[in-house]
Amino acid sequence: MANVDVAGPSRHARPQGAWAPVTRVTRRFLTWDRPLVWLLPVVLVLLFIGVYPLAYNLYNSFREYNVVDFPRRYDWVGLDNWRKLFTDGRVRGALGTTAVYVGAALVIEFVLGLAIAVLLNSGPKLAGLWQSLLILPIVVPPTVVGVMFTVLENAEYGVISWLTYELGLLDKSEPLLGGTGRYAKVAVLLPDIWQWTPFFVLILLAGLKALPEEPLEAAQVDGASAWQRFVHITLPMLRPMLAVAVLFRLVDLLKVFDYIFVMTQGGPGRATEVLSLYTYSRTFQEIQWGYGSTLGLAILVVAIVLANVYIRVFRVEWD
Amino acid sequence: MATRGGVIQTAWGPVARSRGRRWRGAGTALRTIASALIALVFFAPILWWVTAAFKPSQEILKAPPSLTWEPTLNWFRVVLGNQDPTSFNVEQSGGVGRGSGGGTFYSIPYLRDSLIVGLGSTLLVLALTAPAAYALSRFRMRRRQDLVFWVLSQRMLPPIVVAFPLYTMYRQLNWVDTYHGLILVHAAINIPLATLLLMSFFNEVPRELDEAAMLDGLSRFGAFWRVVLQYTRGGLAATAILTFVFSWNEFLLSLVLTEVDIRTVPVASSTFTTAFFVEWGYLAALGTASIVPIFVFILFVQRHLVRGLTLGAVK
Amino acid sequence: MRETTDQRDKLAITRAIEAHRRGAISRRTMLKILGAAGVGLASYPRRGAAARQATPAAVAIEQPQEVTQFLTDVGGQFRGSTIRVVSEETPPSRAIINLKQQLFEEITGITVEWEVIPLAQVLSRVSQDAASGTGTNDIYYLDQAWVGRFINDTLDPRELLQSKPDLAFPNYNFDDFLPQLVRHIASYGDKVIGPPCDVPVFMHFYRRDLYEQLGLQPATTLQQYMDNAKAINDEFAVAQGTYGTVGQMQSGHYALNCEMTAWLWGHGGSIFTADQQCALGDAQAIAGIDYLRQLQQYMPSAVTTYDWGGQATAIQQGQGGQVITWGEDLPGWDDPASSRVSGLMEPAPLPAPVALRPPEQCGFEETPEIGHQGGSTYSLSRYSENQDPAWVFLQWATSSNTQTLASVIGGGASPMRQSTFDDPRVAAMATVGAGTTRHFPAMLEVITSRMGTEPHLPQWPNIATDIIAVELGKLTTGGYNNSTQEFAQAVTGMVNEAASG
């Protein structure tokens, strides 16, 4: 694939009237051949919305609000919040819980999503209808999904719990939600899988539709089996879509909050306390804004590291 | 990569033309049944939720779910029709009772607010990110990888710690409780996904097409507008759906950045859970009502998704 | 309520509603009588955000002439100003939101922007205002658990009554608020944080039908309460899914702390000693927590994820034979439209405690008793830039007539004032139905003589939720090797550390 070198004066006409009354200098500068012109609006919006919150949280992470004393004040605490991050047992616990949650959700949603997308793309009748029904879970607000699953998993009147009893999987003394909380992690994973598997389906389906068919046809002519065609041709060609989908689920899952907040409050004990729930607890319940900001930034750091690792390991390149 | 065919390609499984008719029929039936079953599993909780909106309170919390009941439209009358719920209470319960907050359950304004913010931010996101994604896909630039990562990283800070400072900033600007304020924030949280997705889709379009178009006398913008976008309608549709959905569902920032003039559906839903009881009927009715516009939006946009690139290729 | 015509109308109204409820007259006839008595079902002009509220029906939305006069003359001085209130979604708040346009805003010309958000968000809004010293909001809804924390960020209503005689509401009568509520919900040290506005308080309810069937009597002792729970559980748990009792035992939720304190206090324990040390490790506390754990055997397994809402719903679904919990739940259980136990849950006096530690032996103004209260106040921000109009509104919202209306149209929400308990409009609602007030006499009894109050140190919200509710949540789900001793030892250290820090 040849790169089009677009540096230098354009040979092509610019759209009519786009930059009509401009001086010579700016005209040469602001042409459609400059990437800046295409990128500037997005960069400005992101800077506008993004910079202040980041700076504020950084600043906050070096101080702590004092809830007790009057008059009100912030105490300057230097690096205490950052040091605390490494000695705080709750951080370690939450990190572990987050890892389990994110890992399980990603793997299950990826595999299910890919399988379903391929199935829907293989030409069943009424594909559009199934597809629309499947996409529906993502349109329910996550806070409402949390409430829905709290009911569906209720040990006494929940339909999902009832099914687990009928199928002989669980019994009322140790239900999905409640009891000693043995299945609490599963209970809070279910809504995520239900809601976000369709996300993979949607993106992968769009990707599958966009695939050129020649390589597949060629491979078929060469006698490749369906499985071989899938593994050696379809999957590699889907990689850019898969990369984006997985990366975004990863980033979003690291912030997962709503279901757990609604369904278990991180309990029993701290069994389902993930990083963002801990951040919430410090920020909104304990009013430790400094440490809350530090935890929020820690999530950012974890996300940056993991995303980088992911990009390196899977050699994702954006071109 | 050159041109694209006009037939929906099956990447997996038998290619229709090459197999016998009977086998194809059986395979299609099997795939149809499997698709239907899976769709049903994912749809079941929503079906349960939608039927709850037509059930009297006593029938809602039951397992196994009741399959026959006397349908009621009372929840919808309040949520969509602004009927005073106390009138039902006096009729049915003989007392004014719960739900006498009345009009707070009336949800047309919430749906309207959500729709304005959702559509506004979706349009804004597409207008902003399509050119950006095109530039990232086509132009040679230094540190492109870093730039892309920076855009992506804008989604990594949890809203819990973003909400505070944004609120402070918006107070200064007098943007709290305004449509444009919320639209801009929702756009900002969706820019990363939209940029990366569209970039991936644009990457799939061969550069030769742009070149050919420009040799034909189109400007670079023209090539982008008339050629590349046409080829990526499916991608645009998927991006639009996701952007709209993320905006429609967003809770914490909408909660913090609005006060009394604007109230989106997720924020309103949260007030249906009072200190003591969850108002299931109203919640289910609002949930059902809020699925409808978004479902219509998806159906509308999905047309492009299903046909994917084939349209562009034919053209 | 000094005008007799007023009172006569009110009686006509209540009788009409009552007659309709008994089925003696049709809805149409009732509405006709209401109309004659001046009750408007008519809607009033709506605009802006207020258009989202509708008129509550069937209760006379009106106030004494002198109040209208006051609002016109005094409130009218602030015409055009806007005040902001943040509160949780609670029945009385919702009722006042519905009343304010007709009875306050249209008369005074003051706009009241009332924002309803989850309680945790209220806490963060108040904290933000306090931290920055800005009056973004003028009036806060403050939970009693926060009283120690925000006592200095608010203005004492008694002082305001003194210092702003020009703005004094006619017959506001601060002494009409039940003194127990003022002391326990609204005071810290010798200061008052604001007029009390809501008081959910633990009451004893039992299923009349099941008790009759088994020949049980409402418990007068905690032992008997346990025995009753066991008897019901043995008979009905497997057979029909009705357990002995239900709990609000969600780990990490403040509700679990509330659940625990009732039994802790009922066994002579307390959270703090007089020298402000954690007392959760002493024999009385262990006995109280063990009692809760024993009671848990007679609850559905789902209780470990129930907060108070989950518990209230469970009772509504017929899952519990008896319970000691928030009195404000009863109107929901009595609502035949949504409840399976309408008219079956009966209030009874709280059982006697095994022992009771006197408040002098506890720390941070803690008062042990089984009747745990979770009240709140409306408080005027010290940072408010609209203090005068906000104060006028605050007085109106907590005045006798407004509070009475709120109790009636708010679905049996708890009264704050003696005059509300005595009001005929309130008494008229004391029958089985959605907005019942039939538990009010028993509630008044609890408030005046059986009410328990948590310690109110500024760190209390963290201790209650992030330490006690979490660690106890571990114990009640099989953690700490099922040893109350081990739990008590661990939690005592944590609480002491938090309280001193």
Side-chain angles (χ1 to χ4, degrees), chain A residues 3-4 12-15 32 35 38-39 41-42 45-46 49-50 52-53 56-57 116 118-120 122-125 128 130 133-139 141 143-144 157-159 162 202 206 208-210 212-213 226 230 234 240-241 244 248 251 255 276 279-280 283 293 296 299-300 303 318, chain B residues 1 4-5 9-13 31-32 34-35 38-39 42-43 46 61-65 128 131-132 135 139-141 148 154-158 160-162 165-166 169 188 191 193 196-197 200 204 207 211 214 219-221 234-235 238 245 249 251 266 269 287 291 294 298 305-306 308-309:
Chain A
N3 271 322
V4 185
H12 312 297
R14 284 177 290 106
W32 287 110
W38 300 73
L39 289 165
V42 158
V45 168
L46 289 182
I49 296 292
Y52 180 67
Y56 172 89
N57 279 301
I116 295 172
V118 168
L119 176 70
L120 283 179
S122 69
K125 290 198 187 328
W130 311 133
L133 291 179
L134 253 162
I135 292 171
L136 273 182
I138 56 177
V139 313
T143 38
V144 175
Y157 49 75
V159 179
W162 171 73
L202 186 66
L208 283 170
K209 302 285 187 206
E213 64 181 32
F230 177 69
T234 310
M241 300 299 134
V244 175
F248 270 85
V251 169
K255 302 181 294 182
S276 66
T279 308
Y280 175 89
T283 309
S293 286
I299 294 179
L300 175 67
W318 310 113
Chain B
M1 263 184 241
R4 275 125 220 274
Q9 179 57 45
T10 61
W12 168 249
R31 285 194 292 273
T32 306
S35 305
I38 290 170
F42 278 86
F43 184 61
I46 291 183
L61 302 180
K62 267 188 181 174
L128 291 173
F139 289 93
R140 187 182 274 178
M141 57 182 101
V148 172
Q154 297 301 309
R155 203 184 165 95
M156 292 178 180
L157 208 56
I160 296 156
V161 295
V162 173
L166 266 186
M169 187 172 116
I191 280 175
L193 178 67
L196 264 70
L197 264 185
S200 310
E204 295 295 298
R207 288 160 198 241
E211 285 174 56
M214 287 192 283
S219 65
R220 173 147 299 267
F221 183 82
V245 158
N249 288 349
F251 173 68
S269 306
I291 286 175
I294 203 162
I298 288 180
L305 191 63
V306 174
L309 287 175

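Naming convention: chains lettered A, B, ... in sequence-line order (proteins, then strands); numbering from 1 in each chain.
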**OP:** Determine, step by step, whether A/L134 and A/L120 satisfy the side chain to side chain contact (heavy atoms under 4.5 Å, CB included) criterion, reporting the C-alpha distance in whole Å, the side-chain angles of both residues, the deciding distance to 0.1 Å, and the verdict.
**Re:** CA-CA 10 Å; A/L134 253 162; A/L120 283 179; 3.5 Å; yes
Original post:
Side chain, backbone, both or neither: which part of B/I191 has a heavy atom under 4.5 Å from chain A?
Top reply: side chain
**OP:** Might you point out which heavy atoms bring A/S122 and B/R31 nearest each other, and give the distance in Å?
**Re:** OG-CD, 2.5 Å
**OP:** Return the option, out of A/L136, A/T143, A/I299, with the maximum number of heavy-atom pairs under 4.5 Å with chain B.
**Re:** A/L136
Subject >> chain A contacts, top residue of B/G287, B/P165, B/P158 (heavy-atom pairs, under 4.5 Å) >> reply: B/P165
Original post:
So which heavy atom on B/M156 is nearest to which on A/L300, and how close?
Top reply: CB-CD1, 3.4 Å
Original post:
Given a strict heavy-atom distance threshold of 4.5 Å, which part of B/S35 is in contact with chain A: side chain, backbone, both, or neither?
Top reply: both
Original post:
So which of B/L166, B/I160, B/V162 has the biggest tally of heavy-atom pairs under 4.5 Å with chain A?
Top reply: B/I160
**OP:** Taking all non-hydrogen atoms of both residues into account, name the closest pair between A/P35 and B/A135 and its distance.
**Re:** O-CB, 4.2 Å
Subject >> Any side-chain heavy-atom pair of A/Y56 and B/V161 under 4.5 Å >> reply: no
Original post:
Is any side-chain heavy atom of A/P137 closer than 4.5 Å to a side-chain heavy atom of B/I46?
Top reply: yes
**OP:** Can you tell which part of A/I116 gets under 4.5 Å to a heavy atom of chain B, answering side chain, backbone, both or neither?
**Re:** side chain
Subject >> Option that, when pairs with chain A are counted at under 4.5 Å, heavy atom only, ranks first among B/L193, B/I38, B/L157, B/L128 >> reply: B/L193
Subject >> Residue among A/Y157, A/W38, A/Y280 with most heavy-atom pairs under 4.5 Å to chain B >> reply: A/W38
Subject >> Nearest heavy atoms of A/K125 and A/W130, plus distance in Å >> reply: O-NE1, 2.9 Å
Original post:
What option among B/R155, B/Q154, B/M169 has the most heavy-atom pairs under 4.5 Å with chain A?
Top reply: B/R155
Subject >> Proximity breakdown for A/V144 and chain B, heavy-atom pairs closer than 4.5 Å >> reply: side chain
